[in-house]
Peer 1: 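Have a look at the structure that comes next, please.
Counting starts at 1 for both ligands and their atoms, following the listed order. Throughout, residue positions are numbered sequentially from 1 according to the sequence presented. Worth saying up front: this structure is predicted, and the values here are computed from it rather than measured.
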Amino acid sequence: MAKACKTCHRIVDEGNQCPNCKTHNFSKDYSGEVHIINPEQSAIAKKLNIKKPGTYALRVR
Ligand SMILES: [Zn+2]
């Protein structure tokens with residue numbers, strides 16, 4: 001089951017470590033999903049402080 005990193009909001013399907021920030025702090029209680037392909041040209045990426053491409057949750061509780 002997919003879960004979202006509480007630190008950087010990255011959505012992770014497999015494994016128990018975030019590929020972005022290497023933490024193990026996940027929440028299954030998240031909402032919204034956004035695919036960031038080019039963080040430097042994405043307003044959403046800037047707002048969420050996303051530096052790497054991937055799938056991210058808009059809100060993580
Ligand atoms: Zn993370």
Peer 1: Please note down the angle at the Zn ion (ligand 1) between SG of Cys18 and SG of Cys8, to the nearest 10°.
Peer 2: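 Once rounded, the angle between the two atoms at the Zn ion (ligand 1) is 100°.
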
Peer 1: Side chains of Lys46 and Ile44: closer than 4.5 Å at any heavy-atom pair?
Peer 2: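 A side-chain contact under 4.5 Å is absent here.
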
Peer 1: Could you grab the distance from atom CG of Leu48 to atom OH of Tyr56, nearest 0.5 Å is fine?
Peer 2: 9.5 Å

Peer 1: Just checking: His9, one of its N/O/S atoms, less than 2.8 Å away from the Zn ion (ligand 1), yes or no?
Peer 2: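 Looking at His9, which is the residue asked about, there is no N, O or S atom under 2.8 Å from the Zn ion (ligand 1).
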
Peer 1: Angle at the Zn ion (ligand 1) between SG of Cys5 and SG of Cys21, to 10°?
Peer 2: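 Once rounded, the angle between the two atoms at the Zn ion (ligand 1) is 100°.
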
Peer 1: Indicate yes or no: at least one non-hydrogen side-chain atom of Asn20 is less than 4.5 angstrom from one of Ile50.
Peer 2: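 Asn20 vs Ile50: side chains apart.
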
Peer 1: Compare all side-chain heavy atoms of Val12 with those of Pro19 and state whether any distance is below 4.5 angstrom.
Peer 2: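 With C-beta onward as the side chain, the pair touches.
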
